[in-house]
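Worksheet for the structure shown next.
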Amino acid sequence: MAKQHGRNCCYIFQYQNFLRIREITNELHSAVNHDFRGFSIIFQPVMDIRQDKLTGAEVLIRFASKKFGPISPAEFIPLLETSGLIIPTGRWFMREAITACRKIRMQIPDFKVNINVSQVQITKSDIITDLISEMDASGLPPAAIVIELTESILLEKNEKAQNFLKKLKQAGLLPGILLGTAVFL
């Protein structure tokens, strides 16, 4: 690409991008190793517009770096996935979301949390066991959790993805799958 810009030119953008990726990945490693320091969860309300009633929330993960400040999920989530850090971070995220849901259900009994699950979590971890364990520990019923999947996960024909869907159904969670923004039943 640098050759396209002519002779005696320096093409720095890619190297700077590489350095940023490396530094953010290092900070993600450090955050995971230090009790998920820098990670937080936020709630995007889910409303029943027919009843004008809060029914739940989509739980979203955020990360703020000491060096870079808040980093977009579009930037840090792919780094979590490629580094394998999505597995421990996903467990932390799930635990935080389920704990928050349990507390909120004391005030809003039918409150639900929507939790995003990535393809990497499905293929490289036992996320179903983690999910069921966290739900059992919290005492939450399956109806309190909505698993959000991308269309690509549902269309995936590999054995892990099919097994994931089968185990979701066995755990009573299949009716809670969201596909993009439409409910998948």
Side-chain angles (χ1 to χ4, degrees), residues 27-28 31-65 69-81 85-122 124-151 153-154 164-185:
E27 289 197 31
L28 291 168
V32 168
N33 291 332
H34 291 94
D35 201 27
F36 302 94
R37 180 189 65 224
F39 286 101
S40 61
I41 62 172
I42 63 168
F43 299 89
Q44 181 172 319
V46 174
M47 301 287 295
D48 178 340
I49 58 173
R50 293 178 301 253
Q51 298 179 20
D52 193 31
K53 175 182 169 187
L54 176 70
T55 59
E58 179 176 3
V59 185
L60 306 169
I61 191 168
R62 296 295 183 257
F63 181 69
S65 155
I71 299 172
S72 167
E75 185 173 15
F76 77 80
I77 290 176
L79 297 177
L80 287 173
E81 291 176 334
L85 292 172
I86 193 71
I87 306 302
T89 305
R91 285 185 189 118
W92 171 85
F93 176 74
M94 188 184 326
R95 186 171 42 257
E96 293 292 310
I98 289 172
T99 299
C101 184
R102 184 179 45 79
K103 290 177 184 176
I104 295 169
R105 283 174 75 93
M106 291 178 193
Q107 302 298 317
I108 306 171
D110 294 332
F111 191 83
K112 298 177 184 184
V113 291
N114 299 8
I115 300 173
N116 291 294
V117 175
S118 82
Q119 178 75 23
V120 174
Q121 289 172 282
I122 291 170
K124 298 194 178 191
S125 75
D126 192 1
I127 190 168
I128 295 291
T129 300
D130 295 338
L131 179 60
I132 292 169
S133 175
E134 290 297 333
M135 288 177 60
D136 287 348
S138 72
L140 287 179
I145 307 297
V146 177
I147 303 298
E148 290 196 18
L149 304 173
T150 63
E151 293 87 346
I153 292 172
L154 294 174
F164 175 76
L165 293 172
K166 179 180 170 186
K167 286 183 177 181
L168 275 179
K169 185 176 182 178
Q170 290 170 346
L173 292 166
L174 192 58
I177 292 176
L178 281 182
L179 175 62
T181 56
V183 177
F184 176 77
L185 299 175

Identify, with sequence neighbours excluded, every residue that meets side-chain contact (heavy atoms from CB on, under 4.5 Å) alongside [X].
{"X": "Ser65", "result": "Glu27, Phe63, Lys67, Phe68, Ile71"}
{"X": "Lys167", "result": "Asp126, Ile128, Asn163, Gln170"}
{"X": "Pro73", "result": "Arg62, Phe76, Ile77"}
{"X": "Pro141", "result": "Arg105, Ala144"}

If you round to the nearest 0.5 Å, how far is [atom2] of [Y] from [atom1] of [X]?
{"X": "Ser138", "Y": "Ile98", "atom1": "OG", "atom2": "CD1", "result": "5.5 Å"}
{"X": "Ile127", "Y": "Glu134", "atom1": "CD1", "atom2": "CD", "result": "11.0 Å"}
{"X": "Ile104", "Y": "Thr99", "atom1": "CD1", "atom2": "OG1", "result": "11.0 Å"}
{"X": "Thr89", "Y": "Leu80", "atom1": "OG1", "atom2": "CG", "result": "5.0 Å"}
{"X": "Met94", "Y": "Cys101", "atom1": "CE", "atom2": "SG", "result": "13.5 Å"}

Considering only heavy atoms from C-beta outward, does the side chain of [X] approach that of [Y] to under 4.5 Å?
{"X": "Met135", "Y": "Leu131", "value": "yes"}
{"X": "Val113", "Y": "Ile145", "value": "yes"}
{"X": "Glu58", "Y": "Val146", "value": "no"}

- prompt: What's the verdict on side chain to side chain contact (heavy atoms under 4.5 Å, CB included) for Phe93 and Ile86, showing C-alpha distance, side-chain angles and the deciding distance?
  reply: CA-CA 10 Å; Phe93 176 74; Ile86 193 71; over 6 Å; no
To check you understand the geometry: which heavy-atom pair defines the closest contact between [X] and [Y], and what is its length?
{"X": "Ser118", "Y": "Gln121", "value": "N-OE1, 2.8 Å"}
{"X": "Ser125", "Y": "Arg91", "value": "CB-NH2, 4.3 Å"}
{"X": "Ile108", "Y": "Leu54", "value": "CD1-CD2, 3.8 Å"}
{"X": "Phe36", "Y": "Pro88", "value": "CZ-O, 3.5 Å"}

Set of residues satisfying ring pair (Phe, Tyr, Trp, His ring centres under 6.0 Å) with respect to Phe111, sequence neighbours excluded: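 Phe111 satisfies ring pair (Phe, Tyr, Trp, His ring centres under 6.0 Å) with no other residue.
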- prompt: Has Ile42 got more than 12 heavy atoms of other residues, nucleotides or ligands less than 6.0 Å from its CD1?
  reply: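 Yes.
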Sequence neighbours excluded - side chain to side chain donor-acceptor pair (under 3.5 Å) pairs with any residue from residues 36-57: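 Listed once each, the pairs are Ser30-Arg37.
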Verdict with reasoning, Ile61 to Asn116, per side chain to side chain contact (heavy atoms under 4.5 Å, CB included): CA-CA 9 Å; Ile61 191 168; Asn116 291 294; over 6 Å; no
